[in-house]
Amino acid sequence: MYDIFQPRYEPARSIYEAFQAEATKRKGRNVQEWQAAERDAVYREAAHQAQKLGLRRPTMDEVVSAEQSACGHADYGAKWAYRITEVMTK
């Protein structure tokens, strides 16, 4: 299935995919559980991509801040991934 919001380039693409994969596990979890799991998944993938691509590794606080700034947008997952990518490339 085609996802119009999926970023086309790394590291945003892999970060977005990590979020999307974890988001499929929301059922049966409370909000705090799935938020923590999604943040962890995104953080781990961002750290992996940073090492792989020679970029700056974001902190968990930066991951949370990027998520909070993306909240409420129709393209929430993509905005989250792009904002983390911006942090990584500064």
Enquirer: Between E10 and T85, does a side chain to side chain contact (heavy atoms under 4.5 Å, CB included) hold up when you go through it step by step?
Expert: CA-CA 9 Å; E10 296 296 355; T85 299; over 6 Å; no
Enquirer: Within the side chain of T89, is there an N or O that forms a donor-acceptor pair under 3.5 Å with the backbone of E86?
Expert: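 Side chain of T89 to backbone of E86: a pair is present.
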Enquirer: Do any N or O atoms from the side chain of W80 and from the backbone of V63 form a donor-acceptor pair under 3.5 angstrom?
Expert: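 Yes: the side chain of W80 pairs with the backbone of V63.
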Enquirer: Who pairs with F5 by ring pair (Phe, Tyr, Trp, His ring centres under 6.0 Å), at least two apart in sequence or on another chain?
Expert: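 F5 satisfies ring pair (Phe, Tyr, Trp, His ring centres under 6.0 Å) with no residue once adjacent residues are dropped.
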Enquirer: Just how far is it from atom CZ of F19 to atom CD1 of I84, taken to the nearest 0.5 Å?
Expert: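 Answer rounded to 0.5 Å: 10.5 Å.
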Enquirer: Who pairs with R44 by salt bridge (charged side-chain N to carboxylate O under 4.0 Å, His left out), at least two apart in sequence or on another chain?
Expert: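 With sequence neighbours excluded, R44 shows a salt bridge (charged side-chain N to carboxylate O under 4.0 Å, His left out) to no residue whatsoever.
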Enquirer: Identify, with sequence neighbours excluded, every residue that meets side-chain hydrogen bond (donor to acceptor under 3.5 Å, both in side chains) alongside R13.
Expert: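 R13 satisfies side-chain hydrogen bond (donor to acceptor under 3.5 Å, both in side chains) with no residue once adjacent residues are dropped.
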Enquirer: Can you name the closest pair of heavy atoms from P11 and Q49 and give their distance?
Expert: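 Nearest heavy atoms, P11 then Q49: CB-CB, 3.6 Å.
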Enquirer: Would you tabulate the side-chain donor-acceptor contacts of residues 50-57 under 3.5 Å, counting partners in other chains and residues two or more places apart, or write 'none'?
Expert:
{"from": "R56", "atom 1": "NH1", "to": "E62", "atom 2": "OE1", "distance (Å)": "3.4"}
{"from": "R56", "atom 1": "NH2", "to": "E62", "atom 2": "OE1", "distance (Å)": "3.2"}
{"from": "R56", "atom 1": "NH2", "to": "E62", "atom 2": "OE2", "distance (Å)": "2.7"}
{"from": "R57", "atom 1": "NE", "to": "Y43", "atom 2": "OH", "distance (Å)": "3.4"}
{"from": "R57", "atom 1": "NH2", "to": "Y43", "atom 2": "OH", "distance (Å)": "3.3"}

Enquirer: Determine yes or no for a side-chain-to-main-chain donor-acceptor pair under 3.5 angstrom, with S65 supplying the side chain and D61 the backbone.
Expert: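 The answer is no, because no donor-acceptor pair under 3.5 Å joins these two groups.
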Enquirer: So which residues get pulled into Y9's cluster when ILVMFWY side chains under 4.5 Å apart are joined, directly or through others?
Expert: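 Cluster partners of Y9: none, it stands alone.
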Enquirer: Of all residues at least two apart in sequence or in a different chain, which pass the side-chain hydrogen bond (donor to acceptor under 3.5 Å, both in side chains) check with Q35?
Expert: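 For Q35, no residue satisfies side-chain hydrogen bond (donor to acceptor under 3.5 Å, both in side chains) once neighbours in sequence are set aside.
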Enquirer: Which residues pass the side-chain hydrogen bond (donor to acceptor under 3.5 Å, both in side chains) test with E67, not counting sequence neighbours?
Expert: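 With neighbours one apart ignored, the set is R39, Y76.
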Enquirer: Going by side chain to side chain contact (heavy atoms under 4.5 Å, CB included), name the residues that satisfy it together with A37, two or more places apart in sequence or in a different chain.
Expert: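 Listed in chain order: E22, R29.
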Enquirer: Sequence neighbours left out, what passes salt bridge (charged side-chain N to carboxylate O under 4.0 Å, His left out) with D75? Give chain and number order.
Expert: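 Expected list: K79.
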Enquirer: Which residues satisfy the salt bridge (charged side-chain N to carboxylate O under 4.0 Å, His left out) test with R83, sequence neighbours excluded?
Expert: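 Once residues adjacent in sequence are excluded, R83 has no partner under the salt bridge (charged side-chain N to carboxylate O under 4.0 Å, His left out) criterion.
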Enquirer: With E45, which residues qualify under salt bridge (charged side-chain N to carboxylate O under 4.0 Å, His left out), at least two apart?
Expert: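 Salt bridge (charged side-chain N to carboxylate O under 4.0 Å, His left out) check on E45 returns nothing, list empty.
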Enquirer: State which residues pass side chain to side chain contact (heavy atoms under 4.5 Å, CB included) with N30; sequence neighbours excluded, sorted by chain then number.
Expert: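 Per chain and number, N30 pairs via side chain to side chain contact (heavy atoms under 4.5 Å, CB included) with Q32, E33.
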